[in-house]
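In what follows, every heavy atom counts, from backbone to side chain, and hydrogens, waters and symmetry copies are set aside. Just so we're clear, the structure is a prediction, and the values are computed from it rather than from any experiment.
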Amino acid sequence: MKKYLLRFGIPTILAVMFAGTLYILNSFELRTKAMATLVLSDEGGMKVYVPRKESVGLQAGDTVGIDQTMAGSLVVVIDSVREETENFVLYVHLSDSDGRSLRNRLDGNSLSGGYIYARSVKLRDLFFKRMVK
């Protein structure tokens, strides 16, 4: 019995561990975040600048969360998207209003930075990208 356990047990355990690792790499995704700059105009409109290298694939009508701004987390709806050489410019409006204007929530500032969750990346893609480097 010990002979069979030593002969077949260790390779079986290694094969099960390898299959589990492949399952985990294939199943899980990580959300990547991109830097977003929120700019308020005097007329009350809002623009969000997202770097072009972060291909977000956002379209008009999408609802997006902007996290870690001076006003906390904001949920906005995209009215239109314009492409520039360096940035995507998202024209947005707040989806929910708690009675306070956004300028009051930003303490009178018209510029704020934050993060937008751009896309999801499979864990296996990150793993194999690191292996190739």
Side-chain angles (χ1 to χ4, degrees):
M1 181 69 175
K2 277 187 179 179
K3 184 192 282 186
Y4 289 116
L5 187 60
L6 287 175
R7 182 176 233 180
F8 298 114
I10 293 173
T12 303
I13 290 172
L14 289 175
V16 168
M17 287 175 53
F18 182 70
T21 302
L22 287 179
Y23 175 75
I24 289 171
L25 287 176
N26 217 16
S27 298
F28 292 104
E29 294 180 342
L30 296 175
R31 293 188 325 169
T32 60
K33 38 183 196 177
M35 184 68 179
T37 305
L38 177 68
V39 179
L40 296 177
S41 67
D42 290 335
E43 298 82 34
M46 293 184 287
K47 295 182 206 175
V48 177
Y49 290 86
V50 179
R52 192 172 175 86
K53 65 183 177 186
E54 301 288 341
S55 60
V56 292
L58 296 172
Q59 301 172 356
D62 288 348
T63 303
V64 178
I66 303 173
D67 295 329
Q68 298 177 357
T69 65
M70 292 182 349
S73 296
L74 302 173
V75 178
V76 296
V77 177
I78 300 173
D79 295 326
S80 63
V81 179
R82 188 181 81 216
E83 294 183 30
E84 294 181 347
T85 56
E86 294 290 323
N87 298 307
F88 286 109
V89 181
L90 311 174
Y91 294 91
V92 300
H93 67 274
L94 283 176
S95 67
D96 57 344
S97 181
D98 63 355
R100 296 189 317 166
S101 72
L102 186 59
R103 191 171 299 274
N104 289 341
R105 290 170 67 181
L106 291 173
D107 296 327
N109 295 318
S110 62
L111 179 69
S112 179
Y115 293 96
I116 187 171
Y117 286 102
R119 62 183 187 274
S120 296
V121 177
K122 285 274 193 188
L123 199 55
R124 71 158 184 258
D125 295 336
L126 289 176
F127 179 76
F128 289 119
K129 185 189 278 187
R130 297 285 172 147
M131 296 272 300
V132 171
K133 280 187 177 180

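More than 12 heavy atoms of other residues, nucleotides or ligands shown are found within 6.0 angstrom of CZ on Arg82. Tyr115 OH: 12 or fewer foreign heavy atoms inside a 6.0 Å radius.
Leu22 is not connected to Val16 by any chain of hydrophobic side-chain contacts under 4.5 Å among Ile, Leu, Val, Met, Phe, Trp and Tyr, and they are in different clusters. Follow the hydrophobic side-chain contacts under 4.5 Å out from Phe18 and you never reach Phe127; the two are in separate clusters. The cluster map of Ile, Leu, Val, Met, Phe, Trp and Tyr, joined by side-chain heavy atoms under 4.5 Å apart, puts Leu90 and Val39 in different clusters. In the hydrophobic clustering of ILVMFWY residues, with side-chain heavy atoms under 4.5 Å counting as a link, Leu25 and Met17 come out apart. Side-chain heavy atoms closer than 4.5 Å link hydrophobic residues (I, L, V, M, F, W, Y) into clusters, and following such links, even through other members, never connects Ile24 to Leu14.
Remark: Arg31 does not engage Glu29 in a salt bridge, criterion side-chain N to carboxylate O under 4.0 Å.
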Trace of the side-chain contact (heavy atoms from CB on, under 4.5 Å) decision for Leu58 with Ile116: CA-CA 11 Å; Leu58 296 172; Ile116 187 171; 3.8 Å; yes

Would you sort out whether Val48 and Ile66 count as a side-chain contact (heavy atoms from CB on, under 4.5 Å), showing the intermediate values? CA-CA 9 Å; Val48 177; Ile66 303 173; 3.7 Å; yes

Start with the C-alpha gap between Leu38 and Leu74, add the side-chain angles, then the distance that decides, and say whether side-chain contact (heavy atoms from CB on, under 4.5 Å) holds. CA-CA 10 Å; Leu38 177 68; Leu74 302 173; 3.7 Å; yes

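Among all heavy-atom pairs drawn from Met35 and Pro51, the shortest one is O-CD, 3.0 Å. Closest heavy-atom contact between Asp67 and Ser73: OD1-OG, 3.1 Å. Between Val92 and Asp79 the shortest heavy-atom distance is C-OD2, 3.8 Å. The two residues Ser27 and Lys122 come nearest to each other via the heavy atoms O-NZ, 4.3 Å. Summarising the geometry of Ala34 relative to Val50, their closest heavy-atom pair is CB-CG1, 4.3 Å, with the distance given to 0.1 Å.
Considering CZ of Phe28 and CG of Leu126, their distance stands at 14.0 Å, rounded to 0.5 Å. Rounding to the nearest 0.5 angstrom, the gap separating the NZ atom in Lys47 from the OG atom in Ser80 is 10.0 Å. Atom OG1 of Thr21 and atom CG of Asn26 lie 12.0 Å apart (nearest 0.5 Å).
His93 pairs with exactly one of Val76, Val77, Ile78 by the side-chain contact (heavy atoms from CB on, under 4.5 Å) rule, that one being Val77.
Scored by the salt bridge (charged side-chain N to carboxylate O under 4.0 Å, His left out) test, Glu83 finds Arg52 as partners (sequence neighbours excluded).
Side-chain atoms of Asn87 do not come within 3.5 Å of backbone N or O of Glu84 as any donor-acceptor pair.
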